[in-house]
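Structure record follows, encoded as structure tokens.
Chain A is the first sequence line, chain B the second, and so forth, proteins listed ahead of strands; every chain is numbered from 1. In this text the structure is predicted, and so the values were computed from the model without any measurement.
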Number of protein chains: 2
Amino acid sequence: MSVGRETRLSAWIERFAAHFAEEGIPLIGGRILGYLLVCQPTERTAAELSQELEASSGSISTNLKFLVNAGLVTKRTRRGRQAAQYRINEKRWVDLIQRKLDALVSVRELTEAGMRLMSGDPERAVRLRTVDDLYTWLATELPAVWERRPASSR
Amino acid sequence: MSVGRETRLSAWIERFAAHFAEEGIPLIGGRILGYLLVCQPTERTAAELSQELEASSGSISTNLKFLVNAGLVTKRTRRGRQAAQYRINEKRWVDLIQRKLDALVSVRELTEAGMRLMSGDPERAVRLRTVDDLYTWLATELPAVWERRPASSR
DNA sequence: CCGACTCTTCGGTCGGCACTGAAGCCACGA
DNA sequence: TCGTGGCTTCAGTGCCGACCGAAGAGTCGG
């Protein structure tokens with residue numbers, strides 16, 4: 001008998017989380033994202049996430065707060081003493097990518113500042129100029145491409 | 001009297017290093033990069049870097065090895081008991097950026113794998129599909145833009 | 001082979017971040 | 001006002017990576 005679907009899914013979630021861990025998102029935060037992208041039903045309580053992902057209630061709370069704050073997860077409260085429900089807000093994934101691109105392009109401000117300090121000594125600036133040219137090109141091209149992204153992602 | 005040029009330059013180097021520290025490059029490695037981009041003359045020995053950047057010989061050695069390995073710095077050895085000279089290899093800065101873009105685009109492989117696991121349950125896949133579509137779009141657009149980069153950066 | 005100099009390696013230290021779990025807080029119903 | 005249950009906060013722990021500096025390895029001229 002083959003490995004069950006759920007086992008393969010949790011392996012996928014783990015890879016997913018590992019990738020974003022390299023980008024600075026805590027492991028448990030990445031697991032929450034991966035899990036909420038594929039779980040059925042789509043909404044989960046903090047307690048369910050804690051059990052399913054085998055993480056402490058504290059970690060779940062901290063990471064949910066972070067993700068809700070980033071807009072990637074939506075919190076839905078209910079009347080009564082019922083637990084709040086969390087679901088992925090996949091429409092906001094664009095923001096994640098945009099932040100990445102912005103970080104890349106923002107280096108240009110640094111190289112520009114450096115070029116200003118080097119003004120008056122062109123010879124000394126040639127190395128920095130090569131780098132500055134690159135980021136200047138990026139800063140003009142990337143936003144243009146970004147604007148042309150499909151309407152479905154807005 | 002105003003702040004001297006060298007003081008302002010080291011402040012710039014510090015900002016430069018701080019930016020790349022957020023991207024995972026050790027602080028001292030970033031300082032080396034910033035310094036080698038603007039120092040005059042363009043080549044420096046490890047001992048000079050150690051003194052100028054106030055870092056231990058061990059840290060300088062480790063970081064130079066890392067940067068040389070990444071292609072961003074070139075090591076030039078000389079006969080006699082002379083110390084090797086290091087200089088920035090600014091032409092390879094494109095590689096740094098390419099790695100960044102590749103990392104971004106590579107998420108698509110993850111989302112695709114997830115979509116495959118979800119095949120047979122389209123309803124359950126709708127959230128992941130939104131994210132997958134985004135990365136698929138990125139994976140087609142970014143390489144195309146990258147190819148159009150100016151010849152001066154190749 | 002020796003002495004001088006440079007570079008790398010490596011144990012040790014330090015700081016910071018992720019995570020835990022318990023205690024406290026809050027919201028709600030009774 | 002009290003009790004119940006869920007959520008957040010926070011001190012404590014462990015781990016990992018950056019950094020240091022000394023010791024060792026390598027390299028060359030004499």
Between [X] ([atom1]) and [N] ([atom2]), how many Å, whole number?
| X | N | atom1 | atom2 | value |
| --- | --- | --- | --- | --- |
| A/Q82 | D/dG6 | CD | C1' | 11 Å |
| B/F66 | D/dG17 | CZ | P | 13 Å |
| B/I25 | D/dC19 | CD1 | C1' | 17 Å |

Annotated protein contacts, base or backbone, on nucleotides 22-30 of chain D with a non-hydrogen cut-off under 4.0 Å, one of B, S, - each: B-----S--

Taking any heavy-atom pair under 4.0 Å as a contact, classify [X]: base, sugar-phosphate, or nothing.
| X | result |
| --- | --- |
| A/I28 | sugar-phosphate |
| B/L64 | nothing |
| B/I60 | nothing |

Rounded to the nearest 0.5 Å, how far apart are CG of A/L96 and CD of A/E90? 13.5 Å

Point-to-point distance, once rounded to the nearest 0.5 Å, from CG of A/N89 to CG of A/L72: 7.5 Å

Does D/dT8 have its OP1 or OP2 closer than 4.0 Å to a side-chain nitrogen or oxygen of A/K75? yes

When every non-hydrogen atom of B/A83 is compared with those of B/T45, the smallest separation belongs to CB-CG2, 3.8 Å

Can you see which heavy atom on B/L128 is nearest to which on B/M115, and at what distance? CD2-N, 3.6 Å

Let's see if you get this right: which residues in residues 29-56 of chain A place a heavy atom under 4.0 Å from DNA chain C? A/E54, A/A55, A/S56

Quick one: side chains of residues 14-24 of chain A, donor-acceptor pairs under 3.5 Å with protein atoms, not counting sequence neighbours, listed by atom name and distance.
{"from": "A/E14", "atom 1": "OE1", "to": "A/R31", "atom 2": "NE", "distance (Å)": "3.0"}
{"from": "A/E14", "atom 1": "OE2", "to": "A/R31", "atom 2": "NE", "distance (Å)": "3.2"}
{"from": "A/E14", "atom 1": "OE2", "to": "A/R31", "atom 2": "NH2", "distance (Å)": "2.8"}
{"from": "A/H19", "atom 1": "NE2", "to": "A/E23", "atom 2": "OE2", "distance (Å)": "3.1"}

Sequence-distant partners of A/R76, side chain to side chain donor-acceptor pair (under 3.5 Å), two or more places apart: A/E43

Counting only heavy atoms from other residues, nucleotides and ligands, does the tally under 6.0 Å from CZ of B/R108 exceed 12? yes

Other residues, nucleotides and ligands only: do more than 12 of their heavy atoms fall within 6.0 Å of CD on A/Q40? yes

Shared hydrophobic cluster, A/L36 / A/L27 (ILVMFWY, side-chain heavy atoms < 4.5 Å): no

Pairs where residues 57-66 of chain B contributes a residue and the test side-chain hydrogen bond (donor to acceptor under 3.5 Å, both in side chains) is met, not counting sequence neighbours: B/S56-B/S59

Do side-chain atoms of A/W12 reach the backbone of A/T7 as a donor and acceptor pair under 3.5 angstrom? no

Span of DNA chain C engaged by chain B, first through last nucleotide within the 4.0 Å heavy-atom cut-off, is C/dT6 to C/dT9

